Number of protein chains: 2
Amino acid sequence: MFARNGYVGTRIDGIAAAAGISKGLIYHYFGSKEEIFNTLIESATHGTIRLYQQAFGLPGGAAERLRWLMEQVATGLVEQPHMFMVVLQAFVSDAVPQEARELVSTLAAKTRSIVAQFITEGQQNGEIVQGDPEHLAFLLGSCIQGLAVAKAMSTPMPSLSAADSLIRLFTRSTPPESGD
Amino acid sequence: MFARNGYVGTRIDGIAAAAGISKGLIYHYFGSKEEIFNTLIESATHGTIRLYQQAFGLPGGAAERLRWLMEQVATGLVEQPHMFMVVLQAFVSDAVPQEARELVSTLAAKTRSIVAQFITEGQQNGEIVQGDPEHLAFLLGSCIQGLAVAKAMSTPMPSLSAADSLIRLFTRSTPPESGD
DNA sequence: TCTTTGACTGAACGATAAGTCAACAATAGC
DNA sequence: GCTATTGTTGACTTATCGTTCAGTCAAAGA
């Protein structure tokens, strides 16, 4: 609902109808529309941050862990595309509760920082292409985000394999099989 | 206005106040809120499509023309970030006039098709990495879109050079200067 | 000067949506 | 069975926003 219609475009009546309950019951559980949205955003960002931290604590090479992380992210996007879209709404729109925007901002900062550390590590053993790690992390994050949008909009193209192609562009030591 | 607040989140009163005119005058020029939005989207998509077609008619190698196009796109994004955001709103949200959504859909299809032709051409003379052209065009387009979002949200990172790094990942014959 | 045309305004209207509340049902404890 | 607590409803209130419209003002033409 919030994913496709945005915060302002989503009606409490609509949520109630979709959930099969009455509007009054919604206000029994949540204090306001803002609170519903914030709860949603908090849940989404919390899960994502935990995933990134989990990848960070994993054994193995940087490129390998980064690839695992991207696979996890891609899987999540395929399974729950609307979750990402809600976060995107909170990221790009001014017409959302401030708390939600702040949550998403810190999410973006944290994930970028973690990816940058992966890249720094991967560059030292030549697994990942050269360049400023922060810069590359920003680039990779943006690309993933773009792919996620495309995927969520159910464009005819599968973005799972696209994510795979993307990570391949960033890594070096992979065998020269670029087709598929 | 539409760029940051979305279609539903933007108020006619707000537009009128920002333009320094009365609400009535807006309805003197436009028939409805939908019409305002559609006009905006049409203007944005028309300009973008023309740019892509222009790049297609240019002389020179495929990679060179593709790089020129990306530079133009990046410049446009820097100069008018909100223009892109409005189009993004129309692309990801259901809460916008149908006509606007259709305009953006055809925009996405056309640009991807043109980029795919560039890639096909560039692959034949080894300028561009291997892989399914449609697939790569989709990937490149998504990444550009992601970078555009990051840029429009004025994240501390400059996405102009990021776009440059991105196109460098896609091309092959460039000298091995990957840093900076 | 009189009329016409078009830019322009702001009050008013109708619709819609967030939030409230009094009442009702169900369940549990006694 | 009775009472207290919790879950649940939908009509009501209140405010906002898109849209309309009656009317003002100024310039142009006759």
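Each chain gets a letter, A, B and so on, in the order its sequence line appears, and its residues count up from 1. What you see below is based on every heavy atom in this structure, not just the backbone, and it leaves out hydrogens, waters and symmetry mates. All values reported here derive from a predicted model rather than from experimental measurement.
Of the listed nucleotides (C:dA17, C:dT9, D:dG18), C:dT9 has the atom at the smallest distance from the side chain of B:Leu25. Of the candidates C:dT9, D:dG18, D:dT8, D:dG18 carries the atom nearest the B:Arg11 side chain, counting heavy atoms from C-beta on. Nearest nucleotide to the side chain of A:Asp13, out of D:dT8, C:dA17, D:dG18: C:dA17. With distances taken from any side-chain atom of A:Tyr29 to the nucleotides C:dA17, D:dG18, D:dT8, the minimum falls on D:dT8.
Mapped onto DNA chain C by nearest heavy atom, A:Tyr7 and A:Gly24 fall at different nucleotides, with A:Tyr7 at the one closer to the 5' end.
Atom CE in A:Met1 sits about 13 Å away from atom C1' in C:dA17, given to the nearest Å. With rounding to whole Å, A:Ile26 atom CD1 is found 13 Å from D:dG10 atom P. Between the OH atom of B:Tyr27 and the P atom of D:dG18 there is a distance of 6 Å, given to the nearest Å. One can place CD1 of B:Ile15 at 10 Å from P of D:dT19, the figure rounded to the nearest angstrom. Taking atom CD1 of A:Ile21 as the reference point, atom C1' of D:dG7 lies 11 Å away to the nearest angstrom. What separates CD1 of B:Ile36 from C1' of D:dC17 is a distance of 13 Å, to the nearest Å. With rounding to whole Å, A:Phe30 atom CZ is found 15 Å from C:dT20 atom P. The CG-P distance, from A:Asn5 to C:dA17, rounds to 11 Å in whole Å.
A:Ile12 comes within 4.0 angstrom of sugar-phosphate atoms only, judged by non-hydrogen atoms across all strands, and of no base.
Both tests hold for A:Lys33 against A:Tyr7: distance to the six-membered ring centre under 6.0 Å, angle to the ring axis within 45°.
Placement of B:Met1 and B:Val92 in two distinct hydrophobic clusters is found when ILVMFWY residues are connected by side-chain heavy-atom separations under 4.5 Å, directly or transitively. Using a 4.5 Å cut-off between side-chain heavy atoms of Ile, Leu, Val, Met, Phe, Trp and Tyr, with links allowed through other members, A:Leu40 and B:Val8 fall into the same hydrophobic cluster.
A sub-4.0 Å separation between OP1 or OP2 of D:dT8 and a side-chain N or O of A:His28 is absent.
Remark: the backbone N or O of A:Ala150 is not paired with any side-chain donor or acceptor of B:Ser142 at under 3.5 angstrom.
Side chains of A:Leu136 and A:Gln130 form no contact here, defined as non-hydrogen atoms less than 4.5 Å apart.
For A:Lys23 and C:dG19, a side-chain-to-base donor-acceptor distance below 3.5 Å is present, hydrogens and geometry of angles not being considered.
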